[in-house]
**Student:** 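This is the structure I want to talk about, given as structure tokens.
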Amino acid sequence: MILTSQILLWVAVIVLAALVAALARQVGILHERIAPAGALTLHQSVNIGDVPTPLELRTAGGGSITVGGARAARSQLVFFAAPDCPMCKSLLPVLRTSARAESDWLDVVIAGDGDEAHYRRMLAQHDLAQVPLVLSEALGRSFGVSKLPYAVLLDEGGRVASLGLVNSREHLESLFEAKERGVASLQDFLARREGSAR
């Protein structure tokens, strides 16, 4: 009796191990099929390739900065955030790392609207005090920003290269990748690639 129960137990363990291995294989196959997620482009008032009117804005430090317009061999990333947005705060270290890594071709501007003291405190906590901060409701409206965190990448000619809702490092990097590939988004690139493969 004990021997039979031991044999049945081992058979059950082997069957369970085989099922787990099959399930792991299926998860691996599904992982390969899932396309990389890029920044989510919401219904916005500007489109990829548009040239928005440059805006001369006052920075929180008392200077001024132009958002948009042609820039000599430099792109501009406008990152919309708010001190009361938990996702924004979690992405600020990613933004800091990206700003430093891409500094040879990219200028970063943090944008929002509200109390300047709260924004300065948020940026100081994340070692971003040197990044220009503009507080302008008009800037957010001009790009159709309705949810945060949101980012707009303007190319050297002042054209919108890519934009979208940014909830992770991958979303932020997808804006750079989309600009490099000359597409509206990574989803657009993958759709074109699938269309040409058929």
Side-chain angles (χ1 to χ4, degrees), residues 33-55 57 65-69 71 74-103 105-114 119 122-123 126 128 131-195:
R33 291 181 183 168
I34 295 174
L40 177 63
T41 53
L42 304 171
H43 181 69
Q44 66 270 352
S45 56
V46 293
N47 295 307
I48 305 303
D50 287 356
V51 181
T53 304
L55 294 173
L57 301 168
I65 191 167
T66 302
V67 174
R71 304 167 58 83
R74 309 255 335 143
S75 292
Q76 189 176 49
L77 178 72
V78 185
F79 187 82
F80 292 89
D84 60 352
C85 167
M87 186 59 70
C88 299
K89 290 180 190 176
S90 72
L91 281 174
L92 289 177
V94 173
L95 181 66
R96 181 185 62 236
T97 302
S98 294
R100 291 178 181 159
E102 309 296 340
S103 64
W105 66 274
L106 183 69
D107 295 325
V108 175
V109 176
I110 296 177
D113 61 8
Y119 274 91
M122 176 183 75
L123 296 183
H126 294 283
L128 285 164
V131 175
L133 167 66
V134 295
L135 300 176
S136 168
E137 188 178 325
L139 179 62
R141 276 197 317 264
S142 70
F143 288 112
V145 176
S146 61
K147 296 183 187 294
L148 296 176
Y150 197 85
V152 178
L153 181 62
L154 302 168
D155 70 10
E156 302 80 6
R159 288 180 300 278
V160 176
S162 56
L163 74 167
L165 192 62
V166 180
N167 287 324
S168 67
R169 173 185 298 274
E170 291 77 19
H171 290 168
L172 184 61
E173 291 174 353
S174 76
L175 298 178
F176 306 147
E177 188 71 23
K179 176 190 177 293
E180 185 178 302
R181 296 185 183 275
V183 294
S185 66
L186 284 185
Q187 288 85 350
D188 182 47
F189 171 74
L190 292 171
R192 288 183 191 179
R193 195 171 76 178
E194 280 183 19

**Student:** With a 4.5 Å heavy-atom cut-off, do Leu154 and Pro52 have their side chains touching?
**Tutor:**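 Leu154 reaches Pro52 side chain to side chain.
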**Student:** Is any side-chain heavy atom of Thr66 closer than 4.5 Å to a side-chain heavy atom of Leu55?
**Tutor:**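 Thr66 does not reach Leu55 side chain to side chain.
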**Student:** Could you pull out all residues at least two apart from Thr97 that satisfy side chain to side chain contact (heavy atoms under 4.5 Å, CB included)?
**Tutor:**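 Per chain and number, Thr97 pairs via side chain to side chain contact (heavy atoms under 4.5 Å, CB included) with Arg169.
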**Student:** For Leu123, which residues count as a side chain to side chain contact (heavy atoms under 4.5 Å, CB included) partner, sequence neighbours excluded?
**Tutor:**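 Per chain and number, Leu123 pairs via side chain to side chain contact (heavy atoms under 4.5 Å, CB included) with Ile110, Leu128, Leu133.
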**Student:** Please check if the side chain of Glu102 supplies one atom and the backbone of Val108 the other of a donor-acceptor pair under 3.5 Å.
**Tutor:** no
**Student:** Sequence neighbours left out, what passes side-chain hydrogen bond (donor to acceptor under 3.5 Å, both in side chains) with Ser136? Give chain and number order.
**Tutor:** none
**Student:** Of all the heavy-atom pairs spanning Leu172 and Ser98, show the shortest one and how long it is.
**Tutor:**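 What the structure gives for the nearest pair is CD2-OG, 3.6 Å.
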**Student:** For Tyr119, what residues pass the ring pair (Phe, Tyr, Trp, His ring centres under 6.0 Å) criterion, not counting sequence neighbours?
**Tutor:**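 Expected list: none.
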**Student:** Taking only residues two or more places apart in sequence or in another chain, which ones pass salt bridge (charged side-chain N to carboxylate O under 4.0 Å, His left out) with Glu156?
**Tutor:** Lys179
**Student:** So, using side chain to side chain contact (heavy atoms under 4.5 Å, CB included) as the criterion, who are the partners of Pro93 when residues are at least two apart?
**Tutor:**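 Arg96, His126.
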**Student:** What pairs with Ser142 under side-chain hydrogen bond (donor to acceptor under 3.5 Å, both in side chains), at least two apart in sequence or on another chain?
**Tutor:**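 side-chain hydrogen bond (donor to acceptor under 3.5 Å, both in side chains) list for Ser142, sorted by chain: empty.
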**Student:** Suppose we screen for salt bridge (charged side-chain N to carboxylate O under 4.0 Å, His left out). Which residues come up paired with Asp155, at least two apart in sequence or across chains?
**Tutor:** Arg159
**Student:** Closest approach of Met122 and Leu92, non-hydrogen atoms and distance?
**Tutor:**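 That closest heavy-atom pairing would be CG-CD1, 3.5 Å.
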**Student:** Taking all non-hydrogen atoms of both residues, which atom of Leu153 and which atom of Ser75 are closest, and how far apart?
**Tutor:** CD1-CB, 4.2 Å
**Student:** Counting only pairs under 3.5 Å, give me each side-chain donor-acceptor contact of residues 77-91, with atom names and distances, residues two or more places apart or in other chains.
**Tutor:**
{"residue": "Lys89", "atom": "NZ", "partner": "Pro83", "partner atom": "O", "Å": "2.9"}
{"residue": "Ser90", "atom": "OG", "partner": "Met87", "partner atom": "O", "Å": "2.8"}

